[in-house]
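Just so you know, residue 1 is the first one in the sequence shown, and it goes up from there.
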Amino acid sequence: LDVKNDLQQRDPQIIDANPAEVAGMLTVDNQGYLLHYRVKVTLTVPSSRSLEPVALPLDFSVTEQFMTPEQFQEKSDEVSEHEVLILEGQTLDAVESIVDNIVLEIPMQILSEAEKDATQMPKGEDWEVISEEDYLQQKNQAAPTIDPRLAQLSQLLEKSDDEDKQ
């Protein structure tokens with residue numbers, strides 16, 4: 001299934017997409033339409049760290065339940081309303097569902113193999129990226145410093161605390 005144009009319209013950061021391999025089935029009954037499929041696709045997206053193009057293979061399964069507005073009104077209590085997608089019109093567009101779910105599967109952090117293996121984070125002039133552990137360690141090591149402009153205020157607070165104790 002060639003979904004490259006649909007994906008790029010939905011998410012302009014997607015540089016390229018190979019044709020998606022999709023296999024699945026659609027079950028129809030009085031309760032609605034149950035769509036189950038598996039998608040295998042490789043996207044080319046920018047690295048979240050360096051913006052270099054990275055090949056991102058995705059392989060996932062999706063199960064979605066669709067209902068017409070009339071079926072939704074008559075649904076049983078066993079079906080949660082949060083698990084049902086309401087059909088708008090007389091057709092079920094599986095391609096739209098596939099594109100939606102591919103976009104949802106793209107992770108927030110995408111790194112190239114070299115960036116995953118690197119032990120040092122990127123840095124430049126007057127900036128650097130540090131890990132959360134390093135940040136917490138630096139925060140714990142840094143002694144609290146008082147702004148000299150506020151030092152006189154802290155002395156006033158100490159005096160008022162002493163007066164309150166007496």
Side-chain angles (χ1 to χ4, degrees), residues 1-24 34-66 80-86 88 92-166:
L1 184 63
D2 186 12
V3 292
K4 177 180 175 178
N5 291 334
D6 292 331
L7 286 169
Q8 288 177 328
Q9 287 177 356
R10 188 76 52 87
D11 187 351
Q13 288 191 8
I14 296 174
I15 299 166
D16 194 14
N18 292 352
E21 293 180 32
V22 182
L34 185 65
L35 180 62
H36 177 77
Y37 57 87
R38 182 175 180 180
V39 177
K40 292 181 182 180
V41 65
T42 300
L43 305 178
T44 303
V45 292
S47 162
S48 53
R49 190 174 291 166
S50 66
L51 299 180
E52 293 294 321
V54 176
L56 176 66
L58 298 175
D59 185 353
F60 61 94
S61 295
V62 174
T63 301
E64 294 179 322
Q65 183 173 4
F66 295 87
S80 170
E81 64 184 56
H82 302 293
E83 298 173 357
V84 175
L85 299 168
I86 307 297
E88 297 173 7
L92 189 155
D93 188 357
V95 175
E96 185 177 336
S97 171
I98 293 165
V99 170
D100 286 346
N101 285 293
I102 289 173
V103 171
L104 288 173
E105 285 292 318
I106 298 172
M108 296 294 292
Q109 185 179 54
I110 302 163
L111 301 175
S112 68
E113 290 301 318
E115 291 169 338
K116 288 177 187 175
D117 296 337
T119 57
Q120 281 199 323
M121 299 284 207
K123 60 182 174 182
E125 189 175 320
D126 298 331
W127 66 271
E128 70 177 320
V129 177
I130 60 173
S131 67
E132 187 173 353
E133 294 84 23
D134 291 343
Y135 169 75
L136 293 173
Q137 186 179 18
Q138 286 179 4
K139 185 177 175 181
N140 290 339
Q141 289 176 351
T145 58
I146 297 176
D147 187 339
R149 296 170 291 180
L150 301 175
Q152 291 179 351
L153 287 177
S154 66
Q155 291 173 356
L156 288 175
L157 288 174
E158 289 173 8
K159 287 181 184 178
S160 66
D161 286 343
D162 291 340
E163 290 172 1
D164 289 344
K165 291 178 184 175
Q166 292 177 1

Would you indicate whether Gln13, at its atom CD, is surrounded by more than 12 heavy atoms from other residues, nucleotides or ligands within a distance under 6.0 Å?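 12 or below, so no.
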Trace of the side chain to side chain contact (heavy atoms under 4.5 Å, CB included) decision for Asn101 with Val39: CA-CA 9 Å; Asn101 285 293; Val39 177; over 6 Å; no
Working to the nearest 0.5 Å, report the span between [atom1] of [X] and [atom2] of [Y].
{"X": "Glu64", "Y": "Leu92", "atom1": "CD", "atom2": "CG", "value": "8.5 Å"}
{"X": "Lys40", "Y": "Leu58", "atom1": "NZ", "atom2": "CG", "value": "12.5 Å"}
{"X": "Thr44", "Y": "Asn18", "atom1": "OG1", "atom2": "CG", "value": "6.5 Å"}

Going by the rule side-chain contact (heavy atoms from CB on, under 4.5 Å), which residues pair with [X] if we only count those two or more places apart in sequence or in a different chain?
{"X": "Pro19", "answer": "none"}
{"X": "Gln109", "answer": "Ser48, Arg49, Leu111"}
{"X": "Asp100", "answer": "Arg10, Glu96"}
{"X": "Pro57", "answer": "Thr42"}

Between the side chain of Tyr37 and the main-chain N/O of Ala94, is any donor-acceptor distance below 3.5 Å?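 Checked: no pair found.
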Do the side chain of Asp11 and the main chain of Leu7 share a donor and acceptor less than 3.5 angstrom apart?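 Not a single qualifying donor-acceptor pair exists.
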What do the steps show when you test Ile14 against Ile106 for side chain to side chain contact (heavy atoms under 4.5 Å, CB included), and what is the final call? CA-CA 10 Å; Ile14 296 174; Ile106 298 172; 3.8 Å; yes
Who are the side-chain hydrogen bond (donor to acceptor under 3.5 Å, both in side chains) partners of Asp134, not counting sequence neighbours?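 Asp134 satisfies side-chain hydrogen bond (donor to acceptor under 3.5 Å, both in side chains) with Ser131 only.
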Shortest non-hydrogen contact from Ser47 toward Ser112: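 Smallest interatomic distance, heavy atoms only, reads OG-N, 4.4 Å.
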Ile110 and Pro46: which non-hydrogen atoms are nearest, and at how many Å?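 Taking Ile110 first and Pro46 second, the nearest heavy atoms are CB-O, 4.1 Å.
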With sequence neighbours excluded, residues passing salt bridge (charged side-chain N to carboxylate O under 4.0 Å, His left out) with [X]:
{"X": "Asp16", "result": "Lys4"}
{"X": "Asp59", "result": "Arg38"}
{"X": "Glu125", "result": "none"}

Heavy-atom side-chain contact between Leu56 and Pro107 under 4.5 Å: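 Of all side-chain heavy-atom pairs linking Pro107 with Leu56, at least one is under 4.5 Å.
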